[in-house]
Amino acid sequence: MTSFNYQELIDSEQALQKRSIFWDPAIYEEELKQIFNRCWLFLGHESQIPQHGDFIRTYMGEDDIIVVRGKDKVVRAFLNACTHRGNKVCQAEGGNTRSFTCSYHGWSYNTEGELAGVPLEKEIYDNLDRERFGLVPVAHVESYKGLLFGCFSESAPSLVEYLGDIAWYIDVVTDSAQGGLEIVGAPYRTEIPGNWKLPVENAIGDGYHVAWAHAGAMSVVGALGHGRSDNVLGISANNSGVDQSAAIEVVMNTHTVLTTLDGQSGYALYDHPEPVLAHLEKNRPSVIEKLGELRGRQLYGSETHIGVFPNLQIIQGLNFIRIIHPKGPGKFEVWTYAMCERDMPDATKGVIHDHVRQTFGPAGLLEGDDGDFVEAITHSAAGYATRQLKGFLGMGMGRKAAWDGPGEASPGLVNEACQRGFYDQWRRAMEAHNAHEIIGQTEPTAPLTSILREVRHG
Amino acid sequence: MGNAELKLAPAAPVSFEQEYAIGKFLLMEARVLDEERYPEWLDLLTEDIRYQIPVPLTTYRRNRASTTALKPLFIIDDGFPGLKQRAAREATGLVWLNDPATRHLRMVNNIEVEATDTPNEFFVRSKFLLYRGRRDKDIVSHAGWREDILRQTSQGFRVARRVVHLLERVVMDKNLNMFF
Ligand code: FES
Ligand SMILES: [Fe+2]
């Protein structure tokens, strides 16, 4: 049990969040344990590691992780820590390898994580039990339609259980993709001085800030082409989204979605959306056939921000996947990956890659605007008096929209429903006694077993 | 460093005057950017410019250059219209993070000039250090090197191609909304 009063930190009735949650190192430590050591966390996409020996590095919380495809084609994830003394066994961000060799004393591990080589083993050890010293695996690794997730908690619910209703929305992205979704290569990475929760809730639900915080960018994006804000609705300079019939924010058990419902405005910020829009319409009949009218017409092609708790955003339209990795209470890394359909024509893929780079890459027209306020909200909480204040996310409270999909919908994308949903979920995760309670299951009361070596080695 | 083959002497000789003029041009260009005179900076580019900033991926030496599923990634890969769009954003007066104004300082040196097969074009390498100061003490620096093609026109030199090589894999700055 913890000593924090989460009712006081997150007041759901009043939609208030105490600002110490962005600053307090003790709360951060608790987050690493309660959230990042228990939730299913995004690791990457299968298309990043198609061959045996292909690997990528990522983080789960602050834990350094190697994700590698073994000889048996199975994807595994390991702590990037040598079992001898703890040095990192991999220093590259990705590539292809037959083994991971520690630079300290040369212990070497194969792509299945087994200890395969120990320099001078015969001479210096009496029967070293290699079995005991394989790389420490992440307890569970599962793929949801190519999206790879890992979970440290031995007794966690399955990935599908964890995703719950959000899978219905993720399917629009994964199942509509011809030949499957494709992430090519490495993400953009930027380190920002702010608390990790701020960019998460900003991306999943803050439609309010777009027209103002990004005013400079919004008045030039799309200016290179034509046919953008004139005939494509959605978030744009001319439509900041106050139209309550044009979008919904949906709060589900655990996760959230914001979507514009018109089937095309995902591409509203593109300079040259024509090839993508043409692709959408060509593909739409088959999407309707696969996923039904509601998803095929209203969600496919819309600007849709899928927020998977705690730190993953899948953003259809802008077409990127983003993860926020915490780096201490006052710092985070943003990882942004462009996503395409594998069988799209190369020229259409190019349009998407260009757009992601120009808008939300490290030099993106919109990307840079958010850094300042994320930093200021975090660092002004260093002041004792400021830290006692509470943020207010009361917009759209009580507004309900009719919606036939899963979750509770609230109208308009200038709305704070998703952000409230995120902080309510944060509170539930922080108060949980096990991984099941995080998603509202009343299930086992078995203690968190994490990835203790004893579990693996008996 | 860079993609060009290492040569101890330039492929074709460049006159002292030309080399001097190119050095002067790069210093003037840096000052125009420091002074946030973006429309004038655009005038120093050719209409067919390609401007790229690749991400320096952290890969093992044996895994270099697209030998695996890791593909090259660019922070900027713009033609003239893209650069114009970035400059236009700065000119809107709506970029709150630049008000109070950002202070810029660019240093350019280690300039090496080579002739190319095109008579009026020069291959120019240079190294830079860019400091950006904002607010009270938000000081960030970026160091790197550039590979340019400069074209000599009747109005003087123009940048026809630029590849900016940064050293940092993880961008340690809130944005890279600046020109190198
Ligand atoms: S720490 Fe890795 S071999 Fe010793
Ligand atoms: Fe934003």
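Proteins get letters first, then strands, A, B, ... in listed order; numbering begins at 1 in each.
For B:V170, the parts lying near chain A are the backbone and the side chain together; criterion is any non-hydrogen pair under 4.5 Å. With a 4.5 angstrom heavy-atom cutoff, A:P362 touches chain B via backbone and side-chain atoms both. Using a 4.5 Å cut-off between heavy atoms, A:Q51 makes no contact with chain B at all. For B:T58, the parts sitting under 4.5 Å from any heavy atom of chain A are the backbone and the side chain alike. Residue B:R169 touches chain A through both its backbone and its side chain, counting heavy-atom pairs closer than 4.5 Å.
Per-residue counts of heavy-atom pairs under 4.5 Å with chain B were compared for A:A92, A:G185, A:G371; the largest is that of A:A92. Between chain B and the residues A:E333, A:R357, A:R57, the largest count of heavy-atom pairs under 4.5 Å involves A:R357. Counting heavy-atom pairs closer than 4.5 Å to chain B, the top-ranked of the candidates A:S47, A:G361, A:A186 is A:A186. Among A:E367, A:H353, A:Q91, the residue with the largest count of heavy-atom pairs under 4.5 Å with chain B is A:Q91. The most heavy-atom pairs under 4.5 Å with chain B, out of A:T97, A:L365, A:D354, A:V334, come from A:L365. Interface check for chain B: of the options A:G194, A:A338, A:P187, the most heavy-atom pairs under 4.5 Å are formed by A:P187. Heavy-atom pairs under 4.5 Å with chain A peak, among B:N98, B:D78, B:T92, at B:T92. Comparing B:I53, B:I76, B:V95, B:V55 by heavy-atom pairs within less than 4.5 Å of chain A, the highest count is held by B:I76.
For the side-chain contact (heavy atoms from CB on, under 4.5 Å) with A:M339, the qualifying choice from A:L181, A:L147, A:V356 is A:L181, the only one to do so. Checking each of A:Q48, A:E93, A:H45 against A:I56 for a side-chain contact (heavy atoms from CB on, under 4.5 Å) leaves exactly one that passes, namely A:Q48.
Ring orientation note: the planes of A:Y337 and A:W335 are tilted relative to one another, at an angle of 30° to 60°. The aromatic rings of A:F100 and A:F55 sit perpendicular to each other, their planes meeting at more than 60°, with 30° as the lower class boundary.
A donor-acceptor pair shorter than 3.5 Å can be found between the side chains of B:Q85 and A:D271. Residues A:N87 and A:S103 have side chains that bring a donor and an acceptor to within less than 3.5 angstrom of each other.
Between B:E29 and B:R162 there is a salt bridge, with a side-chain nitrogen of the basic residue lying less than 4.0 Å from a carboxylate oxygen of the acidic one. Note on A:D54 versus A:R69: no salt bridge recorded, every NZ/NE/NH1/NH2 to OD/OE distance being 4.0 Å or above. In summary, B:E147 and B:R161 do not engage in a salt bridge, as defined by a charged side-chain N under 4.0 Å from a carboxylate O.
Heavy-atom neighbours of B:D136 CG from other residues, nucleotides or ligands within 6.0 Å: at or below the threshold of 12. More than 12 heavy-atom neighbours from other residues, nucleotides or ligands sit within 6.0 angstrom of CZ on B:R37. Crowding of A:K331 atom NZ: a count of heavy atoms from other residues, nucleotides or ligands under 6.0 Å not exceeding 12.
Residues of residues 173-180 of chain B lying under 4.5 angstrom from chain A, judged on non-hydrogen atoms, are B:D173, B:K174, B:N175, B:L176, B:N177 by number.
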